[in-house]
Amino acid sequence: MSNPLDQYRDSHHEFQHDSTINAVEDPFKFFADWFSFADQSDEMEANAFVLGTTSLDHQSSTRIVYLKEILEEQFIFYTNYNSQKGQEIEVNPKVSMLFFYPKSSRQIRIEGICTKTDESVSDDYFNSRPRGSKIGAWASHQSDELSSPTDLTDRVAELELKYPNDIPRPEHWGGYQIQPTRFEFWMGKKSRLHERIVFDQTNKGWKIYRKNP
Ligand SMILES: Cc1cc2nc3c(=O)[nH]c(=O)nc-3n(C[C@H](O)[C@H](O)[C@H](O)COP(=O)(O)O)c2cc1C
């Protein structure tokens with residue numbers, strides 16, 4: 001009997017790269033290189049990544065968020081500080097990030113420490129957003145149970161009246177910055193001898209080594 005997943009297999013993951021990864025010494029430059037390659041290769045949403053957090057009782061959870069900027073070697077995304085991820089980051093700031101680029105058979109794993117950005121960074125980004133997104137940041141009690149199907153739309157209607165003009169940034173909404181302590185760049189090979197190159201942060205700078213696939 002055929003496996004129902006077979007139809008999906010081999011449509012992606014065409015391992016096109018048989019050249020060896022040329023490691024540069026700076027993992028941020030390495031990241032920038034792979035990110036721009038992915039962006040130009042029409043990868044869908046090259047800036048979307050899986051964010052992994054853990055709860056107080058060590059339950060891991062993941063979700064996609066958008067990388068919006070890299071500022072002073074910190075990866076920045078925006079969210080609701082009271083959300084599940086926000087609460088988990090409070091109790092354990094050690095988070096993980098995962099970028100997957102199927103068209104180029106690449107994956108980037110990053111581990112790091114997550115803290116809130118300066119308020120000015122959050123303000124600048126919030127102020128650049130369209131009105132609907134600003135209202136949404138106030139209206140959505142992200143990750144809380146909805147008390148009724150119209151709960152959210154009722155709040156949106158109230159907020160539209162409350163803020164006919166400018167909308168201030170809610171304190172519970174803003175940026176997080178992730179300072180990487182480890183990067184791993186993975187590239188699929190036709191030979192199946194896939195390449196993994198790791199950058200570990202040490203007192204003396206980045207330690208670079210390769211791992212078995
Ligand atoms: C493509 C994509 C991009 C997303 N970007 C964000 C984002 O930048 N910030 C955010 O808070 N949620 C984003 N989300 C929604 C999150 O995946 C998630 O549902 C939400 O943040 C609540 O997560 P939590 O309950 O674990 O805190 C995105 C979802 C998708 C599918």
Side-chain angles (χ1 to χ4, degrees), residues 8 12 31-32 34-104 106-153 155-156 159 167-180:
Y8 302 108
H12 316 292
F31 179 87
W34 277 31
F35 179 78
S36 62
F37 183 83
D39 210 29
Q40 285 157 24
S41 313
D42 290 331
E43 294 283 1
M44 278 180 65
E45 313 221 74
N47 67 327
F49 69 92
V50 177
L51 172 74
T53 56
T54 40
S55 68
L56 199 54
D57 62 354
H58 311 295
Q59 172 63 60
S60 77
S61 66
T62 53
R63 77 289 289 153
I64 304 252
V65 292
Y66 284 130
L67 173 69
K68 286 294 174 182
E69 215 174 345
I70 301 174
L71 268 181
E72 294 172 0
E73 306 201 331
Q74 310 256 357
F75 288 78
I76 297 187
F77 68 95
Y78 294 90
T79 193
N80 185 315
Y81 291 140
N82 299 332
S83 64
Q84 180 182 340
K85 73 182 94 46
Q87 293 180 32
E88 294 187 355
I89 291 164
E90 272 317 296
V91 296
N92 180 7
K94 292 182 173 176
V95 301
S96 59
M97 306 168 71
L98 176 74
F99 294 84
F100 174 41
Y101 300 135
K103 289 191 178 163
S104 39
R106 293 176 182 193
Q107 139 179 283
I108 306 172
R109 292 167 61 171
I110 297 172
E111 292 164 18
I113 309 295
C114 188
T115 50
K116 286 180 185 168
T117 58
D118 280 352
E119 296 204 2
S120 62
V121 172
S122 299
D123 287 338
D124 286 351
Y125 179 67
F126 186 81
N127 292 334
S128 76
R129 302 187 87 206
R131 182 176 169 86
S133 306
K134 291 177 177 170
I135 293 277
W138 278 102
S140 169
H141 301 170
Q142 195 177 53
S143 316
D144 283 1
E145 188 176 337
L146 277 170
S147 50
S148 80
T150 56
D151 200 11
L152 187 58
T153 45
R155 271 204 301 275
V156 168
L159 287 157
I167 306 171
R169 177 177 65 85
E171 268 184 25
H172 64 255
W173 191 97
Y176 278 113
Q177 54 191 21
I178 300 171
Q179 180 167 17

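One-based numbering, in listed order, for ligands and for the atoms of each.
- Every salt bridge (charged side-chain N to carboxylate O under 4.0 Å, His left out) that Arg131 has, sequence neighbours left out, goes to Glu160.
- Within the 6.0 Å centre-distance limit, the rings of Trp173 and Phe126 are counted as a close aromatic pair.
- Each of Tyr81, Tyr78, Tyr125 was evaluated against Tyr176; a single residue qualifies, Tyr81, per the ring pair (Phe, Tyr, Trp, His ring centres under 6.0 Å) test.
- Summarising the local packing, CG of Leu56 is surrounded by 12 or fewer heavy atoms from other residues, nucleotides or ligands at distances under 6.0 Å.
- Checked against the 6.0 Å centroid threshold, Phe99 and Phe31 count as a close aromatic pair.
- A salt bridge links Glu119 with Arg169: at least one charged nitrogen is closer than 4.0 Å to a carboxylate oxygen.
- Within 4.0 Å of ligand 1, counting heavy atoms only, the contacting residues are Glu45, Arg63, Ile64, Val65, Tyr66, Tyr78, Thr79, Ser83, Gln84, Lys85, Gln142, Ser143.
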